[in-house]
Asks: 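The structure's right below; bear with me while I get my questions together.
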Amino acid sequence: MDLRNGLRPLGSTPAEFEQDLLSNLYYRRGTTVESASAQDAYETLALTVRDRLAARRARTAAAHYESNPRWVYYLSAEYLLGPQLEQNLLYSGTTDFAPAALKALGFDPAEVAALDVEPGLGNGGLGRLAACLLDSLATLDIPAVGYGIRYDLGIFKQSFVNGEQVEEPDDWAFQGDPWEFPAPDDRHRVGFYGHVGPDGWVPGEQIDGEPSHLLVPGYGTETVNIVRLWRARACEDSFDLRRFSAGQYAEAVEQAVKAENISKVLYPDDSTESGRELRLKQQYFLVSCSLRDIIRRFRFRNHDWADFPAKTVIQLNDTHPTLAIPELMRLLVDEEKLDWDQAWSIVRQTFAYTCHTLLPEALETWPVAVLGRLLPRHLEIIYRINDGLLGEVRSRFPGDIDRVRRMSLIQEEPERRVRMANLAVTGTFAVNGVAELHSQLLTSTTFDDFATLWPDRFRNVTNGVSPRRFVRLANPGLSSLITSGLGSDAWLRDLSQLEGLAPLAEDSSFRSQWRSEKRRAKAALGLGDPGALLDVMVKRFHEYKRQQLKLLHIITLYQRLRNEPGRFGVPRTVLFGGKAAPAYTAAKSIIRLINAVAATIAADPKASGLLRVVFPPNYNVTLAEKIIPAADLSEQISMAGKEASGTGNMKLALNGALTIGTLDGANVEIRDRVGAENFFLFGLDATEAAALRRSDYQPRSYYDGDAELKHALDAILSGTFGGVGQEVAHSLLDRDEYLTLADYRAYVDAQDEVSAAWTDQERWTRMSILNAANSGFFSSDRTVADYLDRVWRATPVRPA
Ligand code: 26V
């Protein structure tokens, strides 16, 4: 028998599924129907579903081996994959039989499904984008692997105590993770510290990287790709038996604990100085393990290094994995003995870099002293790359010392630091921003010198989101309506087909069904009054995103309902969701104030039925899938020129929310597509905002000049909200870095237009349908197609 092709197919009928569930309960979970807990049932269900995808995985891997294709490798410190159960049921075609099979064995399907825990291995947009791109890569049959870190503790769990954010560890894999395939036999050794000898780097410390992988199925295709996550492990010899025998138990395991700390926790962001060296270690750990794995895959079918760039493209998700550039140089020059120029040419043809920010403070730099101690050979390589770069700059721009200083990979003042973004631009063939405006601003500001030197290197790839996750799974009711409206579910693989909904905006029966789907989603969220406009602001808390602007609007609405009911507008529920970095005091103050304002309004009978503020804690992918379908209004109100793209804006528009927003990030492209008449635009644009920031901006002049704004800020200052939030008001009056007060009046006026539009429900529904109909561009399938065309140049391989 040909074992390679002789895999016994798994049954595709409900009865076979039930049979497999039972045998997995006995043979793999090791328990019985009588004694099985809900957890047993969950793990067994996961195995039964996973097996079906694993069979497809085996066929995919065989097809990839056979065709020796060009591979896309995605390197990312973060993945926000979201809950796995429902997705894998859908993608394996077993959604319909799982509940019955569970019931037949005596389990409550809802109780079992509730045990699915999302791996929160990311902070926000950057990590969720990585997950959407993997979904689309598999859906488009592209040979791809995502590499990341398997953090023991993911993004912290948020709760509120007296309205204040409290963080608790997220031990997401406490019960084990049934979706994962660990490969403890496939460890890679990673070095740190030490010195550079005549034959290269001699590390002073070593640890192991242990991989496991999760399956990444494509939708409507056989392909199943993987995401490979690394976990840090002490090397076998790290246990100190001598100390243990001497009763020094803690010391005996010290090395092991230190090693395993590397993958212990996801950094909530860079705003804390503590543990920075550990973060650099994480980055090198990811890069070193992943490159070794990439090279191993290359060697299955290839022997000549000159072929490496033709078979490999490695996408750097922001600068976190940028050490891959000097690491590949080290492997090629020190270990493979290629000459420097040949190695540099391979490296430069292999890597591409995506930048995800415009905030200067978010551009990573590492102290030369720290990097040189941890990775002495890599620092030497970075210096040599810098010599080449600066040589090129000097010969193109003789005498332009200032340009040399700006472009150098090394910042000199106030301390010497390595500029990771400059290294990423220098070591790659393609650099992209994540929305049109962002990409323009990158070449005109952040990377202007590099764009002058290498104009062909820069391009745009506008972000997108997975329609499977954020429409089909999140909003099954609306999905069915869309499918019946379009006459097919092919839109799930070609989201541009949503355009076919546009004529249905004129069909009153379709509009009424569309509205009832919104109502149903609101009811599922437990938001009592389905007639109230649900106004949603969900995203990480950051001053540039301006949750404080939304808050000023809420206070104004509250004051109107108390003092000038004629100007109040329509009943609203405002929903916030999002976490603040634990060390980001200003963002935490805004959270505290939102909760205080919510409590004040909730306690006022005059507000009852008119205005409500809710803030469910611990916003994550699971919660996003419940909130987004229910939203009527999407708040995208960042200071223009600061939000690279946004992806929540796309998810909300696809689910029929109307956007109120500034001309920032992908809002610009959303408005272009859905039409200016279906989008509530307000505020300064990026050029105006930058000019106002450069001028002598006086936030107090807006306070003095606008009675409603003054009234709102005075309420905070005088302690109306339990005395909370004075520091928020002071910071707005004294500095207002993100021009909140300058945009307040335009924002409140635009919100009055929102209220007016809401009073005409037929008009609102028309606008809602047109938003969804014209947002098909924002599928991550289109994003991946753009990456393929502009950067990756890889082609599909379909399993036989
Ligand atoms: C990093 C830092 C670090 C220093 C302190 C403040 C701060 C603020 C922001 C960041 C950005 C991290 C990168 C990131 O998550 N960018 C997001 O990427 C999304 C996917 O491309 C994009 O939609 C969001 O607009 C962008 O903020």
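Counting starts at 1 for both ligands and their atoms, in listed order.
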Asks: Hey, is ligand 1 close enough to Glu361 that some N/O pair sits below 3.5 Å?
Replies: no
Asks: Quick check: does Lys545 get an N/O under 3.5 Å from an N/O on ligand 1?
Replies: no
Asks: Could you tell me which atoms of ligand 1, counted from 1 in the order shown, lie closer than 4.0 angstrom to a heavy atom of Gly646?
Replies: 22 (C), 23 (O), 24 (C), 25 (O)
Asks: Has ligand 1 got any nitrogen or oxygen that is less than 3.5 angstrom from a nitrogen or oxygen of Ala362?
Replies: no
Asks: Minimum distance, heavy atoms only, to atom 8 (C) of ligand 1: which one of Leu359, Thr647, Thr319 is it?
Replies: Leu359
Asks: At a 4.0 Å threshold, what atoms of ligand 1 neighbour a non-hydrogen atom of Ala644?
Replies: 25 (O)
Asks: Are any of the side-chain nitrogens in Asp535 or Lys550 under 4.0 Å away from the carboxylate oxygens of its partner?
Replies: yes
Asks: Looking only at the side chains, is there a donor atom on one of Asn317 and His356 sitting less than 3.5 Å from an acceptor on the other?
Replies: yes
Asks: Considering all heavy atoms of both residues, which atom of Arg457 and which atom of Thr426 are nearest to each other, and what is their separation?
Replies: NH1-O, 3.3 Å
Asks: Which atoms of ligand 1 are found less than 4.0 Å from any heavy atom of Tyr544?
Replies: 27 (O)
Asks: If you take all heavy atoms of Leu437 and Glu669, which pair is closest and at what distance?
Replies: N-OE2, 4.5 Å
Asks: Looking at Tyr79 and Tyr74, what are the two nearest heavy atoms and their distance?
Replies: OH-O, 3.1 Å
Asks: Would Lys651 count as a cation-pi partner of Phe470, with NZ or CZ less than 6.0 Å from the six-membered ring centre and within 45° of the ring normal?
Replies: yes
Asks: Hey, does Gly124 sit under 4.0 Å from ligand 1 if you only count heavy atoms?
Replies: no
Asks: Regarding ligand 1, does Glu643 bring an N or O atom to under 3.5 Å of one of the ligand's N or O atoms?
Replies: yes
Asks: Looking at Glu643 and Lys545, is any side-chain nitrogen of the basic one under 4.0 Å from a carboxylate oxygen of the acidic one?
Replies: yes
Asks: Under 3.5 Å between some N or O of ligand 1 and some N or O of Asp318?
Replies: no
Asks: Is any NZ, NE, NH1 or NH2 atom of the basic residue among Asp781 and Arg468 found under 4.0 Å from an Asp or Glu carboxylate oxygen of the other?
Replies: yes
Asks: Heavy atom of Tyr584 under 4.0 Å from ligand 1?
Replies: no
Asks: With heavy atoms only and a cut-off of under 4.0 Å, state how Thr354 meets ligand 1: side chain, backbone, both or neither.
Replies: neither
Asks: Take the angle between the ring planes of Phe450 and Phe447 and call it parallel below 30°, perpendicular above 60°, tilted in between.
Replies: perpendicular
Asks: Can you find an N/O atom of His542 closer than 3.5 Å to an N/O atom of ligand 1?
Replies: no
Asks: Determine whether Trp230 and Ser290 satisfy the following criterion, side chain to side chain donor-acceptor pair (under 3.5 Å), listing intermediate values before the conclusion.
Replies: CA-CA 8 Å; Trp230 301 98; Ser290 307; 3.2 Å; yes
Asks: Give the atoms of ligand 1, by number and element, whose distance to some non-hydrogen atom of Val434 is under 4.0 Å.
Replies: 21 (O)
Asks: Taking 4.0 Å as the limit for heavy-atom contacts, which would you say applies to Asn123 with ligand 1: side chain only, backbone only, both, or neither?
Replies: neither
